[in-house]
> 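Once you've had a glance at the structure underneath, I'll fire off some questions.
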Amino acid sequence: QVQLVESGGGLVQAGGSLRLSCAASGRSFSTYAMGWLRQAPGKERDLAAAINWIGDSTYYSDSVKGRFTISRDNGKNTVYLQMNGLKPEDTAVYYCAARRDLNWETTPRSYDYWGQGTQVTVSS
């Protein structure tokens with residue numbers, strides 16, 4: 001079992017930056033692929049970024065590519081999402097998720113453990 005706790009969300013103006021963190025409990029963190037998913041009001045939850053177990057393979061959705069960076073520190077059991085050039089359409093609840101596999105997948109149902117989410121609001 002893995003517990004995930006997100007932090008770092010908030011309100012920011014368009015063009016600004018935020019850094020999300022996700023702290024994981026448990027000994028297996030380094031063997032899990034991790035993802036950041038987001039859900040805007042009235043929309044389905046989708047994958048914004050993902051990273052494999054060692055951090056040498058990443059995925060970004062087209063909407064965040066070039067602006068967001070996912071990274072992990074297995075020594076600290078933490079995964080990060082650096083978000084630059086934020087846009088109002090990035091407004092959503094952001095969820096950290098863990099997949100019991102070394103490699104990431106793009107479908108949300110592929111992830112086994114979820115955090116409670118953190119709100120990110122970007123004003124225009």
Side-chain angles (χ1 to χ4, degrees):
Q1 190 76 8
V2 174
Q3 292 187 329
L4 304 171
V5 179
E6 303 99 335
S7 61
L11 173 65
V12 64
Q13 289 188 332
S17 298
L18 284 174
R19 189 194 196 201
L20 305 183
S21 298
C22 172
S25 65
R27 300 180 180 180
S28 300
F29 175 80
S30 62
T31 65
Y32 292 164
M34 299 297 296
W36 284 99
L37 298 94
R38 62 185 187 178
Q39 187 166 20
K43 295 188 177 181
E44 292 186 353
R45 193 174 300 185
D46 61 9
L47 183 68
I51 190 166
N52 71 342
W53 67 288
I54 196 66
D56 63 358
S57 175
T58 56
Y59 163 84
Y60 298 97
S61 67
D62 288 342
S63 60
V64 308
K65 196 173 296 181
R67 300 186 297 121
F68 290 11
T69 302
I70 188 170
S71 62
R72 66 189 297 161
D73 185 337
N74 286 345
K76 295 182 178 180
N77 277 18
T78 303
V79 62
Y80 305 97
L81 186 67
Q82 178 67 44
M83 305 185 294
N84 298 328
L86 283 161
K87 305 175 181 180
E89 50 265 43
D90 294 317
T91 295
V93 177
Y94 284 70
Y95 298 90
C96 172
R99 182 168 187 264
R100 288 178 298 183
D101 193 279
L102 298 178
N103 297 303
W104 49 263
E105 284 286 346
T106 60
T107 54
R109 64 176 178 271
S110 299
Y111 291 80
D112 301 291
Y113 305 108
W114 295 78
Q116 292 298 309
T118 185
Q119 177 70 46
V120 171
T121 303
V122 184
S123 63
S124 57

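For clarity, every value in this text was computed on a predicted model and none was experimentally measured. Computed from heavy atoms alone, side chains included, the values below leave out hydrogens, waters and symmetry copies.
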> Can you see which heavy atom on Arg67 is nearest to which on Leu86, and at what distance?
NH1-CA, 3.9 Å
> I'd like to know if the side chain of Asn52 and the backbone of Ser57 have a donor-acceptor N/O pair within less than 3.5 Å.
yes
> Test of understanding: clusters of I, L, V, M, F, W, Y form through side-chain heavy atoms closer than 4.5 Å, transitively. Do Val64 and Tyr94 belong to the same one?
yes
> Could you measure the distance from the OH atom of Tyr32 to the CZ atom of Arg100? Nearest 0.5 Å is fine.
6.5 Å
> Which pair of heavy atoms, one from Pro88 and one from Ala14, lies closest together, and at what distance?
CD-CB, 4.1 Å
> Less than 4.5 Å apart, side chain to side chain, heavy atoms only: is that true for Leu81 and Met83?
yes
> Once you round to the nearest 0.5 Å, how far does OG1 of Thr58 lie from CE of Met34?
14.5 Å
> Decide yes or no for Thr118 and Val93: does some side-chain heavy atom of the first lie under 4.5 Å from some side-chain heavy atom of the second?
no
> Give me the atom names and distance for the closest heavy-atom approach of Ile70 to Trp36.
CD1-CD1, 3.6 Å
> Test of understanding: with side chain to side chain donor-acceptor pair (under 3.5 Å), list the residues that count as partners of Thr107, not counting sequence neighbours.
Ser110
> Would you call Lys65 and Asp62 a salt bridge, taking side-chain N to carboxylate O under 4.0 Å as the test?
yes
> Any side-chain to backbone donor/acceptor pair from Thr91 onto Val122? Under 3.5 Å, distance only.
yes
> Looking at residues at least two apart in the chain, or sitting in another chain, which of them share a side chain to side chain contact (heavy atoms under 4.5 Å, CB included) with Ser63?
Arg38, Ser61
> Any chance CD of Gln3 has more than 12 other-residue heavy atoms, nucleotides or ligands included, within less than 6.0 Å?
no
> Should Ile51 and Leu20 be regarded as members of a common hydrophobic cluster, given that ILVMFWY residues are connected when their side-chain heavy atoms come within less than 4.5 Å of each other, either directly or indirectly?
yes
> Looking at Trp53 and Thr31, what are the two nearest heavy atoms and their distance?
CB-C, 4.1 Å
> Give me each pair satisfying disulfide (SG to SG under 2.5 Å) with a member in residues 86-124, each pair once, sequence neighbours excluded.
Cys22-Cys96
> Please list, chain by chain and in numerical order, all residues satisfying side chain to side chain donor-acceptor pair (under 3.5 Å) with Glu105, sequence neighbours excluded.
none
> Between Tyr111 and Ala33 (side chain of the first, backbone of the second, donor and acceptor by atom type, cut-off under 3.5 Å), is there such a pair?
no
> Could you grab the distance from atom OG1 of Thr69 to atom OH of Tyr60, nearest 0.5 Å is fine?
4.5 Å
> Would you say Trp104 ends up clustered with Val79 if hydrophobic residues are merged whenever their side chains have heavy atoms under 4.5 Å apart, either directly or through other cluster members?
no
> Give me each pair satisfying side chain to side chain donor-acceptor pair (under 3.5 Å) with a member in residues 8-27, each pair once, sequence neighbours excluded.
Ser17-Asn84
> Is the number of heavy atoms from other residues, nucleotides or ligands within 6.0 Å of CD (Glu89) greater than 12?
yes
> Please name the pair of heavy atoms, one in Gly35 and one in Leu47, separated by the smallest distance, quoted to 0.1 Å.
CA-CD1, 4.2 Å
> Cluster question for you: counting only ILVMFWY and a side-chain heavy-atom cut-off of under 4.5 Å, with indirect links fine, are Leu4 and Val120 together?
yes
> Tyr95 vs Trp114 aromatic rings, parallel, tilted or perpendicular, using cut-offs 30° and 60°?
perpendicular
> Can you list the residues that meet the side chain to side chain donor-acceptor pair (under 3.5 Å) rule with Asn74, with sequence neighbours excluded?
Arg72
